[in-house]
Amino acid sequence: MIRVDPVTLELRGIRLEPLALHHVDGLRAAASDGELWKLRITSVPEPHTTEDYIRAALAMPDRLAFAVVDAATDTVIGSTSYHDILPAVDRVEIGYTWYARSRQRTHVNTSRKLLLLSHAFDTLGCAVVGLRTDNFNYASQAAIERLGAKKDGVIRHHGLRRDGTVRDTVMYSILRGEWPEVKTHLHYLLEQYAGGQ
């Protein structure tokens, strides 16, 4: 049975550290880089709700939230989480992920995926890692599929968006036996970023 405890992970200048209230200013600045809260299909906090966002994340019993930090500058550039943690079946999901617009389409997301998946499979001993996204978040679906995750299906009428509409949720997963190939692919993708950028 897996046990998911707070941990700090680092790779290629990206540090994942347990989310805490002292990250509020950095998280607010990251969300403001691109006014990400205006995106209908994400859960990015508005500037005045950032502290509430952190408190809500910390209050969820089956979630371990992280601040995504640029290690060289100690700047918060986004957030991600393990969530829907099911120790009895050795399963976690990865989600609640977003980055400042200036850090999108860089090595950050690939590095973060490698950190969280490596920790889940190689350290925690997960049997499966799930990922999910909004049915209209086509960029996220493409990124998850490019990673090598398999599409499990769509849960219809599954969750509220910030605008009050109800989304369908597209579900994906990676099984322990698929991890070695996914891991090799992630390392390959990271090599494609010139100079780690």
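Along the sequence shown, residues are numbered consecutively beginning with 1. Source: prediction; values computed, not measured.
Residue Pro18 comes nearest to Pro6 through the heavy atom pair CG-CB, 3.9 Å, listed as atom of the first residue, atom of the second, then distance. Contact record, Ile14 with Leu115: O-CD1, 3.9 Å, taken as the closest heavy-atom pair. In terms of heavy atoms, Pro180 sits closest to Gly177 at CD-O, 3.6 Å. Annotation for Phe136 and Gln141: closest pair N-NE2, 4.2 Å, computed over non-hydrogen atoms. The heavy-atom pair separating Pro45 from Trp98 by the smallest distance is CD-CZ2, 3.7 Å. The minimum heavy-atom distance between Ala149 and Leu131, with the atom names listed, is CB-CD1, 4.1 Å.
In terms of the side chain to side chain donor-acceptor pair (under 3.5 Å) criterion, residue partners of Tyr99 (sequence neighbours excluded) are, by chain and number, Asn109, Arg112. The side chain to side chain donor-acceptor pair (under 3.5 Å) test applied to Tyr96 returns no partner, not counting sequence neighbours.
Taken to the nearest 0.5 Å, the CH2 atom of Trp179 stands 8.5 Å off from the OG1 atom of Thr184. Atom CG of Asp90 is separated from atom CD1 of Ile85 by 12.5 Å, given to the nearest 0.5 angstrom. In this structure, Ser111 OG and Leu190 CG are separated by 4.5 Å, a value rounded to the nearest 0.5 Å. In this structure, OG1 on Thr165 lies 8.0 Å from CG on Leu160, to the nearest 0.5 angstrom. Asp168 CG to Thr133 OG1: the interatomic distance, rounded to the nearest 0.5 Å, is 12.0 Å. Here Ser118 contributes atom OG and Leu124 contributes atom CG; the two are 11.0 Å apart, rounded to the nearest 0.5 Å.
Hydrophobic cluster membership differs between Leu86 and Ile155, with clusters built from Ile, Leu, Val, Met, Phe, Trp and Tyr side chains linked at under 4.5 angstrom. When hydrophobic clusters are built by joining Ile, Leu, Val, Met, Phe, Trp and Tyr residues whose side-chain heavy atoms come closer than 4.5 Å, directly or via intermediates, Leu116 is grouped together with Val182. When hydrophobic clusters are built by joining Ile, Leu, Val, Met, Phe, Trp and Tyr residues whose side-chain heavy atoms come closer than 4.5 Å, directly or via intermediates, Tyr172 is grouped together with Phe121. A chain of hydrophobic side-chain contacts below 4.5 Å, direct or via other Ile, Leu, Val, Met, Phe, Trp or Tyr residues, connects Leu39 to Val44. Follow the hydrophobic side-chain contacts under 4.5 Å out from Val92 and you never reach Val128; the two are in separate clusters.
Counting only distance, with no hydrogens or angles, the side chain of Thr106 and the backbone of Val108 share a donor-acceptor pair below 3.5 Å. Arg167 places no side-chain N or O within donor-acceptor distance of the main-chain N or O of Arg161, the cut-off being under 3.5 Å. Formation of a donor-acceptor pair under 3.5 Å by the Ser79 side chain with backbone atoms of Thr97 is not found in this model. Looking at Arg101, its side chain never comes within 3.5 Å of a backbone N or O of Leu36 through a donor-acceptor pair. Side chain of Thr50 to main chain of Pro47: a donor-acceptor pair is present (N/O by atom type, distance under 3.5 Å, no hydrogens or angles). Using a distance-only test at 3.5 Å, with no hydrogens or angles considered, no donor-acceptor pair links the side chain of Glu35 to the main chain of Ser32. A distance-only check finds a donor-acceptor pair linking the side chain of Gln192 to the backbone of Tyr188 [under 3.5 Å]. Looking at His83, its side chain never comes within 3.5 Å of a backbone N or O of Met60 through a donor-acceptor pair.
Checking each of Thr42, Val170, Ile41, Thr169 against Asp134 for a side chain to side chain contact (heavy atoms under 4.5 Å, CB included) leaves exactly one that passes, namely Ile41. With Arg15 as the fixed residue, the side chain to side chain contact (heavy atoms under 4.5 Å, CB included) test singles out one of Thr8, Ile77, Val68, Asp70: Thr8. Shown are Leu64, Val76, Leu27; of these, the side chain to side chain contact (heavy atoms under 4.5 Å, CB included) with Leu19 is made only by Leu27.
At least one side-chain heavy atom of Thr80 sits less than 4.5 Å from a side-chain heavy atom of Ile94. Looking at heavy atoms from C-beta onward, Glu51 lies out of side-chain contact with Thr49 at the 4.5 angstrom threshold. A 4.5 Å side-chain heavy-atom check between Val69 and Glu17 finds at least one atom pair inside the cut-off. Counting only heavy atoms from C-beta outward, the side chains of Arg162 and Glu46 approach each other to under 4.5 Å. Looking at Val7 and Leu9, their side chains come closer than 4.5 Å, going by heavy atoms from C-beta outward. With contacts defined as side-chain heavy-atom distances shorter than 4.5 Å, the pair Lys150/Met171 does not qualify. Side-chain atoms of Ile174 and Leu147, non-hydrogen and from C-beta on, do get closer than 4.5 Å to each other.
The local environment of NE2 in His157 is sparse, with at most 12 non-hydrogen atoms from other residues, nucleotides or ligands closer than 6.0 Å. Glu10 CD: more than 12 foreign heavy atoms inside a 6.0 Å radius.
Comment: Arg55 does not engage Asp52 in a salt bridge, judged by the lack of any side-chain N to carboxylate O separation of less than 4.0 angstrom. A salt bridge is absent between Lys183 and Glu181: the closest approach of a Lys/Arg side-chain nitrogen to an acidic carboxylate oxygen does not fall below 4.0 angstrom. The residues Lys151 and Glu145 are annotated as not salt-bridged, no charged nitrogen and carboxylate oxygen being separated by less than 4.0 angstrom.
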For Arg91 and Asp84, run salt bridge (Lys or Arg N to Asp or Glu O under 4.0 Å): C-alpha distance rounded to whole Å, both residues' side-chain angles, the deciding distance at 0.1 Å, then the answer.
-> CA-CA 8 Å; Arg91 178 187 173 97; Asp84 285 80; over 6 Å; no
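Using modelled atom types, one finds a donor on one side chain and an acceptor on the other under 3.5 Å when comparing Ser102 with Asp33.
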